[in-house]
Engineer: 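Let me begin by handing over the structure; questions about it come next.
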Amino acid sequence: MDQLGLRPTAPRPGAPVQQGVAGRQFILPLADTNCETSINNVLGDLQRDAYPVSSDQRPARCTGTAMQVAEALMSASVPPGSCMARIMLFTGGPGTEGMGKVIGRDLTEEIRSHKDLAKDAAPHFRKAKKFYDGLAAEMVAHGHICDVFSCALDNTGLYEQKEMVQLTGGQCVLIDTFNNVVFKDSLKRMFAGEAEEGFLGMSSHATLEVLPSRDIKISGVLGHAARSEKKSSSVADTEVGLGGTSQWKLCGLDADTTLGVLFEITGNGSALQDQGQAPQLFLQFITRYMHWSGQMRCRVTTLTRYWTDGSNSADLINGFDQETAAALMARLATFKMETEEDFDPTRFLDRSLIRLCQRFAEYRKDDPASFMLHSNLQYFPQFMFNLRRSQFVQVFGFGPDETAFFRLTLFKVPVLDAVAMFQPQLVSYAFQGVEPALLDVSSILPERILLLDAFFYVVIFHGTTVAQWRKEGYQDRPEHEAFKQLLAAPQEEARTIARRRFPVPRIVDCDQNGSQARFLLAKLNPSATYNTSTPMSSE
């Protein structure tokens, strides 16, 4: 602040205190006609650094210093709580100079990997992480939001910068280049108006307070939020996620922001029964936030449930949502992977599933064919199977930045989108109609089009016969109008998915046996391979 000349001077005695005056020269009203011109001029004048870089050196990047300056400018320019304040970081490479650097400039030094982090062999990691965590705390204190757009083939330091996004409720996009349509479309959606397509409904300066009934304690929250350190008698001693408080601060939130609140049951409502009252519990969620229109709003949601005896399995099963449980288990497992040493996520998921089946499944000992689960539980084992082999648990083949991006997105999106990340949805399009398909190579048929929604990308896969018909131009002939509609249906559905999702998914249009078909095959169960007697598909 002092170096930038933004430290406010002491006011004269009796003069009113004006916040944010020191940095007003850096603010231009959005309604000003010169605003768009000024921004376009600044962007148009941007050029690559003309300073020569040796072939054995990385470019000099002071990412951490730039973020520190941006936070200082924002703090001096915008009074806290007056409006939404976002800091957007566009980075095309790792920081190599100053505070927050993640790697040196010498190309002989390799970027840190998951193996290096596990062995504490990343020399810059701890210092950079501490710096960005401190910067994140400053942003939370001032109510600022941090968005990161990392567009590079190499790691850029998102793993170290993760707290800046998660604690402030910001957005994150990770892609290979700034020319990619995923980056361009995602950035456009950040500035979409309320009446425009792709509007995110972004709000700011929010707080979430939870008030439970007696015999219920708050363990913590899993999601994009920060602790408010508000103590109460309803706070549990055992913390899970962001615990130790009954209130959380959300600097930024949008229509898709989702928080998972975990509770500890310390009683069973028997005291109410002794008093002749109904054994009923209450949970109240109080959300205060600044609407995108600038208004402060308060939303109070009160839920009530009846206590039930733990031996009554039917009541517990009827209240079980398997999709929500799977999404919450994914958040909990990834949180434990980051915070607990020697944590085995596969063992954790397996034990959780075994305990569930022992408690609620019906079976006869030594008779596997007799095993049966209630319809409210029947897909949960499948969710756990796909979760334990997903990118959230198996980090092999992914860099730390990719892992950070996956987890940041998982902790923000709604339940169904979260489930799609580790168990993609596969839909079949054929002349007979549209129907769900199994995540198995047996679903591949020559006269079928498959649509795979894996959240981060959407695949439109044409069978061999459909691809051949398309190449011969059958869709352009009037007598084959049905085939034209068959080709158009998955394309329209893919565009619909892309319009409602952030970050915008990559759309892969491919044919069977083509190089891009790997995006589909990587998600399918290989019940048949090139080494088996059965074919790779049902041809």
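Values below: all heavy atoms of this structure, side chains included; hydrogens, waters and symmetry mates excluded. One is the number of the first residue; the rest follow in order along the sequence.
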Engineer: For the pair His462 and Gln512, evaluate side chain to side chain donor-acceptor pair (under 3.5 Å) and give the outcome as yes or no after the intermediate values.
Structural biologist: CA-CA 6 Å; His462 303 88; Gln512 187 176 352; over 6 Å; no

Engineer: Is the closest basic N to carboxylate O distance between Lys217 and Asp237 below 4.0 Å?
Structural biologist: no

Engineer: Is the shortest heavy-atom distance from the side chain of Thr403 to the side chain of Gln391 under 4.5 Å?
Structural biologist: no

Engineer: Compare every heavy atom of Leu222 with every heavy atom of Gly241, then report the nearest pair and how far apart it is.
Structural biologist: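 Scanning both residues, the minimum pair turns out to be CA-CD2, 3.6 Å.
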
Engineer: If I compare all heavy atoms of Asp511 with all of Ala517, which pair ends up nearest, and what's the gap?
Structural biologist: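 Smallest interatomic distance, heavy atoms only, reads O-CB, 3.7 Å.
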
Engineer: Does a side-chain heavy-atom distance below 4.5 Å link Glu435 with Val427?
Structural biologist: no

Engineer: Test side chain to side chain donor-acceptor pair (under 3.5 Å) on Asp116 and Ser113; report intermediate values, then the result.
Structural biologist: CA-CA 5 Å; Asp116 296 329; Ser113 63; 3.2 Å; yes

Engineer: Sequence neighbours left out, what passes side-chain contact (heavy atoms from CB on, under 4.5 Å) with Tyr379? Give chain and number order.
Structural biologist: Gln322, Gln382, Phe383

Engineer: What is the ring orientation for His114 with Tyr159, classed by angle as parallel under 30°, tilted 30 to 60°, or perpendicular over 60°?
Structural biologist: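 Perpendicular, since the angle between the ring planes exceeds 60°.
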
Engineer: Atom SG in Cys146, atom CD in Glu138: separation rounded to 0.5 Å?
Structural biologist: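 With rounding to 0.5 Å, SG (Cys146) is 12.5 Å from CD (Glu138).
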
Engineer: Let me know which of Glu196, Glu493, Glu197 forms a salt bridge (Lys or Arg N to Asp or Glu O under 4.0 Å) with Arg499.
Structural biologist: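 The residue from Glu196, Glu493, Glu197 that satisfies salt bridge (Lys or Arg N to Asp or Glu O under 4.0 Å) with Arg499 turns out to be Glu197.
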
Engineer: Is the Phe519-Phe461 ring centre distance short of 6.0 angstrom?
Structural biologist: no

Engineer: Here's a test for you: under ring pair (Phe, Tyr, Trp, His ring centres under 6.0 Å), which of Phe320, Phe360, Phe385 qualifies with Phe380?
Structural biologist: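 Of Phe320, Phe360, Phe385, ring pair (Phe, Tyr, Trp, His ring centres under 6.0 Å) with Phe380 is met by Phe320 alone.
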
Engineer: Begin with the C-alpha distance, continue with both residues' side-chain angles, and end with the deciding distance and a verdict on side chain to side chain donor-acceptor pair (under 3.5 Å) for Thr91 and Thr63.
Structural biologist: CA-CA 8 Å; Thr91 176; Thr63 307; 4.6 Å; no

Engineer: Starting from the C-alpha separation in whole Å, work towards a yes-or-no answer on side chain to side chain contact (heavy atoms under 4.5 Å, CB included) for Ile145 and Ile87.
Structural biologist: CA-CA 6 Å; Ile145 309 166; Ile87 298 175; over 6 Å; no

Engineer: Minimum heavy-atom separation for Gly223 and Arg331, please, with both atom names.
Structural biologist: CA-NH1, 3.9 Å

Engineer: Could you tell me which non-hydrogen atom of Val393 sits nearest to which non-hydrogen atom of Leu387, and how far apart they are?
Structural biologist: CG2-O, 3.4 Å

Engineer: Might you work through the side chain to side chain donor-acceptor pair (under 3.5 Å) test for Arg227 and Thr245, ending with a clear yes or no?
Structural biologist: CA-CA 7 Å; Arg227 292 184 180 93; Thr245 181; over 6 Å; no

Engineer: Atom NZ of residue position Lys115 - does it have more than 12 heavy atoms of other residues, nucleotides or ligands inside 6.0 Å?
Structural biologist: no

Engineer: Is Glu97 salt-bridged to Lys101, going by a charged N under 4.0 Å from an acidic O?
Structural biologist: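 No, Glu97 and Lys101 are not salt-bridged.
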
Engineer: Would you confirm whether the ring centroid of Phe398 sits within less than 6.0 angstrom of the ring centroid of Phe406?
Structural biologist: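 Yes, ring centres under 6.0 Å apart.
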
Engineer: Heavy-atom count check: over 12 atoms from other residues, nucleotides or ligands less than 6.0 Å from Arg299 CZ?
Structural biologist: no

Engineer: State whether Lys412 and Asp256 are salt-bridged, where the test is any N-O pair (Lys NZ or Arg NE/NH1/NH2 against Asp/Glu carboxylate O) under 4.0 Å.
Structural biologist: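 Looking at Lys412 and Asp256, the cut-off is not met.
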
Engineer: If you define the side chain from C-beta out and look only at heavy atoms, does anything of Glu209 sit under 4.5 Å from Gln284?
Structural biologist: no

Engineer: Mind telling me whether Phe178 and Phe183 have parallel, tilted or perpendicular rings, with 30° and 60° as the class edges?
Structural biologist: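 Because their plane-to-plane angle is over 60°, the rings of Phe183 and Phe178 count as perpendicular.
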
Engineer: Who passes side-chain contact (heavy atoms from CB on, under 4.5 Å) against Ala225, sequence neighbours left out?
Structural biologist: Leu242, Trp248, Leu250, Leu259

Engineer: What pairs of residues pass the side-chain hydrogen bond (donor to acceptor under 3.5 Å, both in side chains) test when at least one of them lies in residues 180-191, not counting sequence neighbours?
Structural biologist: Asp176-Asn180

Engineer: Taking the six-membered ring for Trp and the single ring otherwise, decide whether the centroids of Phe411 and Phe335 are under 6.0 Å apart.
Structural biologist: no

